[in-house]
Amino acid sequence: MNYKQISKDLLVLLGGASNITSNAACMTRLRIGLKDTSKVELEKIKKLDGVLGVVESDTLQIVFGPGKVNKVLDEFYQLTGLSKGQAQDGEDQDIEAVARENKAVQKAKYDKPVQRFLKKIANIFVALLPGIIAAGLINGICNVINVSTGGALNGVWWYACIRTMGWALFAYLPILVGYNAAREFGGSGALGAIAGAMSIVNPAMPLLATIKDNQIILPITNSVFNPASGGLLAALIAGMFFAVLEKKIRKYIPDLIDTFVSPLLVLIIGGIVALMVIQPLGAGLTKVIFAVLSFAYEKMGVVGGYILSAGFLPLVAVGLHQALTPIHSMLNDPAGASKGINYLLPILMMAGGGQVGAGLALYIKTKNKKLKRYIKDSIPVGILGIGEPLMYAVTLPLGRSFLTACIGSGFGGALAAILHLGTVSQGVSGLFGLLIVQPGQQLGFLLAMLTAYAGGFLVTYFFGVDEDRINEVYGE
């Protein structure tokens with residue numbers, strides 16, 4: 001980037017030096033005081049090289065991102081003739097504000113169609129997390145009780161009631177996924193729920209009926225319909241498809257009959273497509289996903305665990321981690337291939353451990369007081385699994401420290417793979433992961449997390465601390 005040219009262009013678009021009353025920088029934004037805001041050409045400023053966004057407040061705040069904003073200010077203040085300074089709220093920003101600001105910058109940087117699509121996919125499952133977490137815990141705990149007691153409580157009414165709660169969520173999860181998918185993509189939730197019902201095994205389903213001792217045979221495949229084969233992915237895709245189809249159909253149906261005809265056509269056309277195309281597609285994708293995970297976990301073993309853990313936070317940084325949300329739900333399904341045990345999540349949890357270790361290394365080595373304050377505020381919540389403050393306010397802006405944290409976290413992921421750690425639910429991370437790992441694996445989980453801490457600490461301490469870069473980002 002040519003910071004001098006950017007500053008010259010910016011000055012012109014701000015109305016010239018005579019229109020500037022102050023120029024300062026905080027963590028990610030160039031904050032400009034103006035005499036006359038009518039002279040500012042906002043739309044052209046937004047299109048300047050390096051500009052990630054513009055916020056209109058008491059000052060005009062132009063978002064460049066950490067590090068870059070200081071280089072712009074170094075050139076800009078020479079053009080205005082005003083002394084450069086730290087924005088008044090720069091030193092006083094708390095860790096959460098900095099993390100939010102940097103996350104917004106990162107989101108703007110990678111806010112592409114793929115990320116927006118994956119965000120919609122994640123939204124479908126986020127609303128279901130309370131049920132998935134609770135039902136997963138019930139199933140995991142009840143499995144332990146059944147094994148240890150020989151099923152002695154299975155005939156007790158209150159125990160059967162609790163088990164029913166755990167069973168019900170996963171038995172009918174495709175309906176909820178279809179409902180949320182249709183709504184997220186602009187369709188009717190009820191139609192999406194019906195689409196999801198195609199993935200529910202129910203003997204009363206007409207497609208599963210037996211007529212004169214013969215089951216219904218589908219064309220092309222020449223086989224009996226298996227609702228479970230498509231699973232959650234078929235329900236997800238079908239809900240999305242029904243929403244798109246509904247919007248298309250409503251464009252052509254007259255208003256007078258739209259209420260009756262449009263949903264009818266959606267169900268008839270969508271149902272046939274779901275049966276003949278989406279269900280086989282869902283089944284195929286499910287097999288591929290489990291094959292890839294099995295290869296990484298079983299065949300690659302230690303190496304697979306290392307790669308999955310070390311590579312997870314870069315996916316988070318660019319917004320691609322949301323693609324894993326439905327996969328976690330599939331892994332925690334007791335009727336699925338993994339029998340409700342999620343072997344992927346413990347490995348990915350170690351990524352946060354590497355960030356904690358890196359933060360500790362930075363705190364010990366750096367002399368920058370502002371960075372020390374940010375680390376001190378973010379480490380406790382990072383240990384408990386809330387990694388955004390540490391990632392977005394500390395390691396990611398520094399670049400190298402983020403990389404060394406990821407490299408170090410891989411050692412924790414490798415140990416998690418060796419110990420075959422698994423969770424019965426999801427929704428928490430960090431040391432809170434002790435609550436959802438399989439009973440009896442708590443010590444192994446703790447050892448893996450401590451290994452991630454140590455890995456992140458050592459790699460960052462020796463290779464990830466650049467004091468010049470720290471002072472460039474956080475000020476001296």
Side-chain angles (χ1 to χ4, degrees), residues 114 117-118 120-121 124-125 128 170-253 257-293 323 325-327 329-331 333 335-337:
V114 172
F117 174 77
L118 292 177
K120 284 180 173 288
I121 299 299
I124 293 167
F125 289 88
L128 302 175
F170 290 102
Y172 296 101
L173 187 57
I175 293 178
L176 299 175
V177 169
Y179 179 89
N180 283 356
R183 293 192 64 183
E184 186 67 30
F185 284 84
S188 300
L191 299 181
I194 297 172
M198 294 286 286
S199 295
I200 298 294
V201 178
N202 188 324
M205 181 184 286
L207 271 169
L208 301 180
T210 300
I211 310 298
K212 296 181 180 179
D213 297 327
N214 294 315
Q215 290 183 290
I216 297 173
I217 303 299
L218 300 180
I220 303 177
T221 61
N222 292 319
S223 61
V224 177
F225 176 52
N226 179 8
S229 64
L232 285 181
L233 288 185
L236 174 64
I237 298 169
M240 293 158 50
F241 175 73
F242 273 43
V244 174
L245 180 62
E246 180 184 357
K247 288 189 286 187
K248 293 288 185 184
I249 288 176
R250 289 190 186 278
K251 287 183 179 180
Y252 298 99
I253 301 299
I257 58 174
D258 175 60
T259 303
F260 311 101
V261 175
S262 293
L264 178 62
L265 291 176
V266 169
L267 291 184
I268 294 174
I269 298 172
I272 293 173
V273 173
L275 178 65
M276 302 306 301
V277 179
I278 296 177
Q279 281 288 333
L281 176 62
L285 289 174
T286 299
K287 289 179 181 177
V288 169
I289 289 171
F290 279 111
V292 171
L293 290 176
T325 306
I327 295 175
S329 297
M330 290 163 54
L331 292 172
D333 184 356

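The first residue in the sequence is number 1, and the count goes up from there.
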### Query
Just wondering, more than 12 heavy atoms not from Lys247 lying within 6.0 Å of its NZ?
yes
### side-chain hydrogen bond (donor to acceptor under 3.5 Å, both in side chains) partners of residues 266-275, not counting sequence neighbours, each pair once
none
#### Entry: Rounded distance (nearest 0.5 Å) linking atom CG of Leu331 with atom CZ of Phe290
5.0 Å
### Query
Mind checking what makes side chain to side chain contact (heavy atoms under 4.5 Å, CB included) contact with Ile257, not counting sequence neighbours?
Ile253, Pro254, Val261
## Note on the structure
Sorted by chain and residue number, the side chain to side chain donor-acceptor pair (under 3.5 Å) partners of Ser223 (sequence neighbours excluded) come out as Thr221
Would you list the atom pairs, donor with acceptor, under 3.5 Å between side chains in residues 184-198 and any protein atom, with sequence neighbours excluded?
{"from": "Glu184", "atom 1": "OE2", "to": "Asn123", "atom 2": "ND2", "distance (Å)": "3.3"}
{"from": "Ser188", "atom 1": "OG", "to": "Glu246", "atom 2": "OE1", "distance (Å)": "3.3"}
{"from": "Ser188", "atom 1": "OG", "to": "Glu246", "atom 2": "OE2", "distance (Å)": "2.6"}

### Query
Which of these, Leu128, Ile124, Leu232, sits in a side chain to side chain contact (heavy atoms under 4.5 Å, CB included) with Leu176?
Leu128
## Note on the structure
Between the OG1 atom in Thr286 and the CG atom in Leu281, the distance rounded to the nearest 0.5 Å is 9.0 Å
### Query
Can you name the side chain to side chain contact (heavy atoms under 4.5 Å, CB included) partners of Tyr172, sequence neighbours left out?
Trp167, Ile175, Ile200
### Task
To the nearest 0.5 angstrom, please state how far the CG atom of Asn180 sits from the CD1 atom of Ile121.
11.5 Å
What side-chain donor-acceptor pairs closer than 3.5 Å can you find for residues 270-277, not counting sequence neighbours?
none

### Message
To the nearest 0.5 Å, what is the distance between CG on Leu285 and CD1 on Ile327?
### Response
10.0 Å
### Task
Sequence neighbours left out, what pairs pass salt bridge (charged side-chain N to carboxylate O under 4.0 Å, His left out) with at least one residue falling in residues 172-183?
none
## Note on the structure
Residues at least two apart in sequence or cross-chain that pass side chain to side chain donor-acceptor pair (under 3.5 Å) with Asp258, listed by chain then number, are Arg250, Ser262
### Query
Roughly how far, to the nearest 0.5 Å, is the CG atom of Leu265 from the NZ atom of Lys248?
15.5 Å
### Task
Just grab all the side-chain hydrogen bond (donor to acceptor under 3.5 Å, both in side chains) pairs involving residues 269-280, residues at least two apart or on different chains.
Ser199-Gln279
Pairs under 3.5 angstrom only: tabulate donor-acceptor contacts from the side chains of residues 201-220 to other protein residues two or more places apart or in another chain.
{"from": "Asn202", "atom 1": "OD1", "to": "Ala204", "atom 2": "N", "distance (Å)": "2.9"}
{"from": "Asn214", "atom 1": "ND2", "to": "Lys212", "atom 2": "O", "distance (Å)": "3.4"}

### Query
What are the two closest non-hydrogen atoms of Phe170 and Pro174, and how far apart are they?
O-CD, 4.2 Å
